[in-house]
Peer 1: 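Dropping a structure here in structure tokens format, bear with me for questions.
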Amino acid sequence: MKYGDFPKITSFSGVAGFRAHLAELGADMPCDDIVAHGPDQPLAAPLTVDDMTIGNRFAIHPMEGWDGTREGAPTENTIRRWRRFGESGAKLIYGGEAVAVRHDGRANPLQLVMSEATQSAIAGLRETVIAAHKEATGNDDNLVIGLQLTHSGRFCKPNDNRKFEQKILYRHPVLDRKFGIPEDYPVLSDDDIWRLIDDYITAAKRAQACGFDFVDLKHCHGYLGHEFLSARTRPGAFGGSLENRTRFLRELAAGIRAACPGLKFGVRLSAIDLIAYRPDPAASVPGILGPGVPESAAGALPYVYGFGTDAGDPTAYDLNETFEVFEVLRALDIHLVNVTLGSPYYNPHLTRPASYPPSDGYQPPEDPLLGVMRHLEVVRALKARFPDFTLIGSGYTYLQEFLPNVAQAVVRQGWTDFVGLGRMVLSYPDLPLDVLHGRPFQKKKVCRTFSDCTSAPRNGIVSGCYPLDAFYKKSEEFKQLAAVKKAAKTA
Ligand SMILES: Cc1cc2nc3c(=O)[nH]c(=O)nc-3n(C[C@H](O)[C@H](O)[C@H](O)COP(=O)(O)O)c2cc1C
Ligand code: SF4
């Protein structure tokens, strides 16, 4: 077997074959032989958090499409994606997609922005989910819908898809080098941050007026909220001690709570992070990315630049500060946490285990099932320590046909409260309803983790499931993406 070449999920014969491979990997992953249906199915059990009763244990993760208007309003593609979220039958729509609280915080020029001009169209997205959900399931009982609010920090590209216009909180020896940030590049001032907090509060008021049940205060994936948590070297009110590094989160919660009585909160948290990875230059040939290897940590040890990262070995994680942040969340009366890992920009194998890398990624440095296992273990450790929290796990899509078996087992055994679906909902939106109703599993729709939904936007093309969703397969953009991939192979 070549380095980076791991057995595909489709090569395992049934649950027994899948289990045998997990045993070879030393991964003790819960997996049920038979997926039940009906009211006794653990995934069908309702759960109440912060007075919100959520009708089943499937959550749809926020999934953006790089397909809004320049102004930040949804387009037909955006509406179609949200409609499919509603049709899924999942009772928790955790955030919809990342919506910037202001223009300069957009991750791409077509990211949605919450503003006076876009508010009613964003309210329309919520209504679309409800209507589609009712049509697919007959009612909208116990359907809970949140909106993810974001500022993209180090990964802002508000005006031009090829040009980062970073907003950084501190100088990061590895990421600054990786993403070419010049030595004299400014960091955001405390005054900038206070103004940004006001923008979040305004955006949250708009989200509440749209009817969203909660707002997600995004603290993940290398974006601004997440960067605060590792700002140990930043002086002033927002850096250094954990108290200072969580000031942004605490000010957001207090400000929004005062301005939006009754609005609930969730936090999407990258619970752990590792140093950035890159394709092994020694094993890369034109058009074929090498397997991922860690960037050099020379000059960056002890590694104080990660959150949930082992300072002595930044290729390993350490949950101690994550536990402390959960204590902060508890003190803020926030109990809904969507747990994710790392960043899709610099260690995508951590965030989205996949067989095939996105165009700016690398071949898997480990069997992606170990990546899924890492997600499960982190959530399990958090749930064991904080049973009063309601947790949503991520990274399940790579499980493919075994997703229902593992999903049922982890919920049944209390490893997580919700199973979140990301890429799978793009290719196979009706998976939750198929599972809940015991309908046949539709193999043709299973996301095979080709990563085209990431490679397309990395190359300035709207996102979508190009390989499996006929809507995108037949589009002009499909041809553009094929041309980009061909050019990369011959470069
Ligand atoms: C096309 C695409 C768009 C995404 N958009 C968002 C987003 O807007 N907000 C967010 O927190 N995560 C976003 N993610 C990450 C997913 O929510 C999810 O964490 C990730 O895909 C792993 O889950 P999965 O294995 O089910 O795909 C996105 C991922 C993809 C592939
Ligand atoms: S493009 Fe489709 S098959 Fe590929 S990873 Fe995205 S959702 Fe999955």
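Because the structure is a prediction, the values reported are computed rather than measured. Both ligands and their constituent atoms are indexed starting at 1 by order of listing.
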Peer 1: Measure the distance from atom 30 (C) of ligand 1 to every protein heavy atom, then report the residue, atom name and distance (to 0.1 Å) of the closest one.
Peer 2: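 That would be Met63 CE, 3.4 Å.
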Peer 1: Would you say atom 2 (Fe) of ligand 2 has Cys465 as a near neighbour, meaning an N/O/S atom of that residue under 2.8 Å away?
Peer 2: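 A backbone or side-chain N, O or S atom of Cys465 is under 2.8 Å from atom 2 (Fe) of ligand 2.
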Peer 1: Can you classify the ring geometry of Trp82 versus Phe212 as parallel (below 30°), tilted (30 to 60°) or perpendicular (above 60°)?
Peer 2: perpendicular
Peer 1: Parallel, tilted or perpendicular, judged at 30° and 60°: which one describes the rings of Phe179 and Phe164?
Peer 2: perpendicular
Peer 1: Can you name the atoms of ligand 1, numbered from 1 with element, that are less than 4.0 Å from a heavy atom of His61?
Peer 2: 17 (O)
Peer 1: What protein heavy atom sits nearest atom 5 (S) of ligand 2, and how far away is it?
Peer 2: Ser451 N, 3.2 Å
Peer 1: Can you confirm whether the side chains of His151 and Asp199 place a donor and an acceptor under 3.5 Å from each other?
Peer 2: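 Absent: no donor and acceptor within the cut-off.
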Peer 1: Can you tell me the protein heavy atom closest to atom 9 (N) of ligand 1 and the distance?
Peer 2: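 Heavy-atom neighbour on the protein nearest atom 9 (N) of ligand 1: Gln148 OE1, 2.7 Å.
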Peer 1: What part of Lys218, side chain from CB on, backbone N/CA/C/O, both or neither, has a heavy atom under 4.0 Å from ligand 1?
Peer 2: side chain
Peer 1: Of the choices Cys453, Cys447, Gly422, which has the non-hydrogen atom that lies closest to atom 6 (Fe) of ligand 2?
Peer 2: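 Heavy atom nearest to atom 6 (Fe) of ligand 2 belongs to Cys453.
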Peer 1: Taking non-hydrogen atoms only, is Asp452 closer than 4.0 angstrom to ligand 2 via side chain, backbone, both or neither?
Peer 2: both
Peer 1: Considering only non-hydrogen protein atoms, determine which one is nearest to atom 25 (O) of ligand 1 and report residue, atom name and distance to 0.1 Å.
Peer 2: Arg423 NH2, 2.7 Å
Peer 1: Any atoms of ligand 1 less than 4.0 Å from a non-hydrogen atom of Thr351? List them with their elements.
Peer 2: 22 (C)
Peer 1: Run the numbers for me: atoms of ligand 1, each under 4.0 Å from some heavy atom of Gly395, listed by number.
Peer 2: 22 (C), 23 (O), 25 (O)
Peer 1: Under 4.0 Å, heavy atoms only, figure out whether ligand 1 is touched by the backbone of Thr454, its side chain, both or neither.
Peer 2: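 For Thr454, only side-chain atoms sit under 4.0 Å from ligand 1.
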Peer 1: Using only heavy-atom distances, determine whether the side chains of Asn459 and Ser359 contain a donor-acceptor pair under 3.5 Å.
Peer 2: yes
Peer 1: Under a 4.0 Å threshold between the charged nitrogen and the carboxylate oxygen, would Arg80 count as salt-bridged to Asp67?
Peer 2: no
Peer 1: Answer with yes or no after comparing the ring centroid distance for Tyr223 and Tyr345 against a 6.0 Å cut-off, counting only values under it.
Peer 2: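 When the ring centroids of Tyr223 and Tyr345 are compared, they turn out to be within the sub-6.0 Å range.
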Peer 1: Please check whether Ser394 reaches ligand 1 - meaning an N/O of the residue sits under 3.5 Å from an N/O of the ligand, judged on distance alone.
Peer 2: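 No.
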Peer 1: Ignoring hydrogens, what is the shortest heavy-atom contact between Lys264 and Asp50? Give both atom names and the distance.
Peer 2: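 The pair with the smallest heavy-atom distance is CE-O, 2.7 Å.
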Peer 1: Measure the distance from atom 13 (C) of ligand 1 to every protein heavy atom, then report the residue, atom name and distance (to 0.1 Å) of the closest one.
Peer 2: Pro62 O, 3.1 Å
Peer 1: List the atom of Ala407, the atom of Leu43, and the distance in Å for their closest heavy-atom pair.
Peer 2: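 Closest pair (atom of Ala407, atom of Leu43, distance): O-CD2, 3.9 Å.
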Peer 1: Compute the centroid of each ring, for Phe214 and then for Tyr94, and state whether the two points are separated by less than 6.0 Å.
Peer 2: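 Under 6.0 Å, so yes.
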Peer 1: Hey, are Thr340 and His221 close enough side-chain-wise for a donor-acceptor pair under 3.5 Å?
Peer 2: yes
Peer 1: Below 30° counts as parallel, above 60° as perpendicular, anything between as tilted: where do the rings of Phe326 and Phe389 land?
Peer 2: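 Aromatic pair Phe326/Phe389 classed tilted.
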Peer 1: Would you check the N or O atoms of Ser463, main chain and side chain alike, for any that come under 3.5 Å of an N or O of ligand 1?
Peer 2: no
Peer 1: Name the closest protein heavy atom to atom 8 (O) of ligand 1, giving the residue it belongs to and the distance to 0.1 Å.
Peer 2: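 Of every protein heavy atom, Ala98 N, 3.1 Å lies nearest to atom 8 (O) of ligand 1.
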Peer 1: Please state whether the rings of Tyr200 and Phe248 are parallel, tilted or perpendicular, taking 30° and 60° as the class boundaries.
Peer 2: perpendicular
Peer 1: Look at Lys479 together with Glu476 and state whether they make a salt bridge at an N to O cut-off of under 4.0 Å.
Peer 2: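 Yes.
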Peer 1: For atom 3 (C) of ligand 1, what is the closest protein heavy atom, and at what distance to 0.1 Å?
Peer 2: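 Going by distance alone, atom 3 (C) of ligand 1 is nearest to Glu64 O, 3.4 Å.
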Peer 1: What protein heavy atom lies closest to atom 29 (C) of ligand 1? Include the residue and the distance to one decimal.
Peer 2: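 Result for atom 29 (C) of ligand 1: Arg352 NH2, 3.2 Å.
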Peer 1: Using distance alone, determine whether Thr397 and ligand 1 share an N or O pair under 3.5 Å.
Peer 2: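 Yes, Thr397 has an N/O under 3.5 Å of an N/O on ligand 1.
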Peer 1: Looking only at distances, can you tell me whether any N or O atom of Gly422, backbone or side chain, sits closer than 3.5 Å to an N or O atom of ligand 1?
Peer 2: yes
Peer 1: Identify, for atom 10 (C) of ligand 1, the protein heavy atom at the shortest distance, and state residue, atom and that distance.
Peer 2: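 Going by distance alone, atom 10 (C) of ligand 1 is nearest to Arg268 NH1, 3.3 Å.
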Peer 1: Any idea which part of Tyr94 is under 4.0 Å from ligand 1, heavy-atom wise: side chain, backbone, both or neither?
Peer 2: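 Neither part.
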